Every structure is written in C-alpha cells, then in structure tokens.
Amino acid sequence: MRRGSIAPLLGIGIVAGGIAAAVALALPWLPTPASNEADRIDPLFWFVIVICIVVFAVVIAVMGYSIIRFRAAPDDDSDGPPVHGHTGLEIVWTLIPTLLVTTIGIYSAIVLSRNDALGANVLHVNVTAQQFAWSFSYPDAKGLTTGTLRLPKDRSVLLTFTSKDVIHSFWVPEFSQKQDTVPGISTSVHITPNRLGTFTVICTELCGLGHSIMRTQAIVMTPAAFDKWLHGQASAVSSPDSGVAGAAVFKNNGCGACHTLSAAGATGKAGPDLDKLAAYATSAGKPLEDFVRQSIVDPNAYIEKGYHPNLMPATFGKALSKQELDGLVQYLISSSKKG
Ligand code: CUA
C-alpha cells in the first residue's frame, strides 16, 4: 500500500459507511415484530445489513480513492501498466466473503430450524387462497370457515396453504414470514403470535386484476377470547336464526372488505353496494331472493354497471354449506330492506 493512502481510504470509507448506516437506521424498514419467529428473523436481518454496510464502505473507499488518485490526465491516451494479479490479495478477497457467507448461512439455518420447531398444543388452520380472497378454516371447530384470520397469542399455529387457481403468497409483515400458496401442492408456515392486535394479511404475489385488494386481517387475541370466539362462531354459523347465522357468515368471510352494508357497518367499495340490492335486482330483471342467491353462487352472472367481473371469487358460494348460504341470503335481503 502506498504511503499516505490510509487516511483518504479511511476518510472515504467512514463517510460512505456513515451515510449507509444513517439510511439503514433513519427509516422504519421493519414493522414491530408480533411473533416469536419475527423476533428471531429481525436480528438476522440486521446482522446481514451490518455486513453489507461494512462491505459497501470498503468497496466505495477503494473505488473512490482509485478514481481520484489514479485518474488519467485528459490528454493521456497511453495504455495502463500490465498487471498480472496479486496472489495475496486474491486469497484475502476470496477468504473474507467465504467466511461471511458461511456465517450468514449457519446463522440462518439455526433461525430456520428454531422457527420450524412446533410448540405443544399446536393450532391447525387451513388457509385457502383464490382470486381474490383468503379463507381460513379451523379443523378443531368442525371446519368453521372465516375470511379473517383469528389467532390465539403465545400458541404455536401451523398454517397449511392451498390455492384454488393461481400462485398467491401469504404475508403478514409483523410476522416476518412469507409463504407461497401453489395450486396442486400444500405448503405450510409456523407462527407463534406474541403480540395482541390486528395486522394486515397481504397477498404478495401478483395474481390478477384483484391482486391489490386481496387483503384481510389477522387478529391476535388472548387465548381465552380466542376459545370463546371459536366456540361462539361455530354455533352462530349453525344457528337456526337465519339472521344470526347470515350475519356471522357475512362477517367471517370478510364480505365487508369489498361491499358496503349498513346493517353490518361495512363500507367496502370494490364491489357493489349491498344496501342497493333491491335496485340491482330490478335492473337484472329478477326476483330479489333469486338475484341475491345467484350473485353469491355465480358472481359473474350479472355485473352491475361500474363494477368489474371476476373480482369476487367465482367459487365463493360453493364453499358455503347450504345452511350458511341460506342464512346469508336471508340476512342480505332483510338488511338491504332496512338499509
Ligand atoms: Cu392473490 Cu395477489
């Protein structure tokens, strides 16, 4: 190394590293974790970021110094000196990355294996993705199916994914993990929520026209509240009172994310306004009940002006039991009359 080069190299490196570190620290890149798995992934992420910042500073220092110090004069058209490599330097720049990458690999393997280790008393949830909605069913509650994901705090949850059509991807930023849902195979992810709250479930794989609205909520509840909800919903959906059952089906399936319905306090705008069902039925030239039933079972049969076909899951109605479907139809009819 040339005499007098240490100070400028260090200077450039510190400035470059400082800028990169400031960018890394100033912006809120990651949400506050809400699962044991995220608590393990976040430090790994920062470990990699620190390595990247150091490597970045070294590269910028050497490059910046070389650009300034060895710049050819404007009228210098001669070739550079023939350099045939430097064995010592090459060993160093091979060994250091090998060590860094191996360390990251070992650390990642440890995090992955800990994150995959299921705790006791695992809650199983089957997740179905389809254009453009999520549904969650709970085998422990006789297959109760909902459109919002509810989870108990501090309990191992194993989500098992299937897709009815194309590839989607499940992502809750606060849980830090993403999992593709692929038609024809089943995939899974293990989550141990450790913070109460409502988080957004996002589809993070471009899957069609409604990709950007393919969102729902993950609600982390206390174990007692979760058990109460699970049993309450299982009985509400099968309630002989069609109003109670229909309201539960509407809420559980996340209909309010896309539809407005005053009776349910729903204000979604992507799909038709369900307070206006009677007017829509008139436009479609059908009796109200037939129209409502058809629109649930075969959403593309009649498309109200100003709305897109293929946004509502075509198989939505087929996933409901007859009892759930009847309840939902009666609920929508009576609610829209009030609204
Ligand atoms: Cu489903 Cu994007």
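Only a predicted model underlies this, so the values are computations on that prediction, with no experimental measurement involved. Side chains included, hydrogens not; waters and symmetry mates left out as well; all remaining heavy atoms used. Just follow the structure's listing: the first ligand is 1, and inside any ligand the first atom is 1.
- Atom 1 (Cu) of ligand 1 has an N, O or S atom of Met214 closer than 2.8 Å.
- If you put the vertex on atom 1 (Cu) of ligand 1, SG of Cys203 and ND1 of His168 sit 120° apart, to the nearest 10°.
- Gly64 and Ile12 make their closest contact through C-CD1, 4.0 Å (heavy atoms, listed as atom of the first residue, atom of the second, distance).
- Aromatic ring centres of Phe170 and Trp134 lie closer together than 6.0 Å.
- Note on Cys207: counted as a metal contact of atom 2 (Cu) of ligand 1, an N/O/S atom lying under 2.8 Å.
- Under the 3.5 Å distance criterion, with hydrogens and angles disregarded, a donor-acceptor pair is assigned to the side chains of Asn194 and Asn36.
- By the 4.0 Å N-to-carboxylate-O rule, Asp273 lies close enough to Lys276 to be salt-bridged with it.
- In this structure, ND1 of His211 and O of Glu205 enclose an angle of 90° at atom 2 (Cu) of ligand 1, rounded to 10°.
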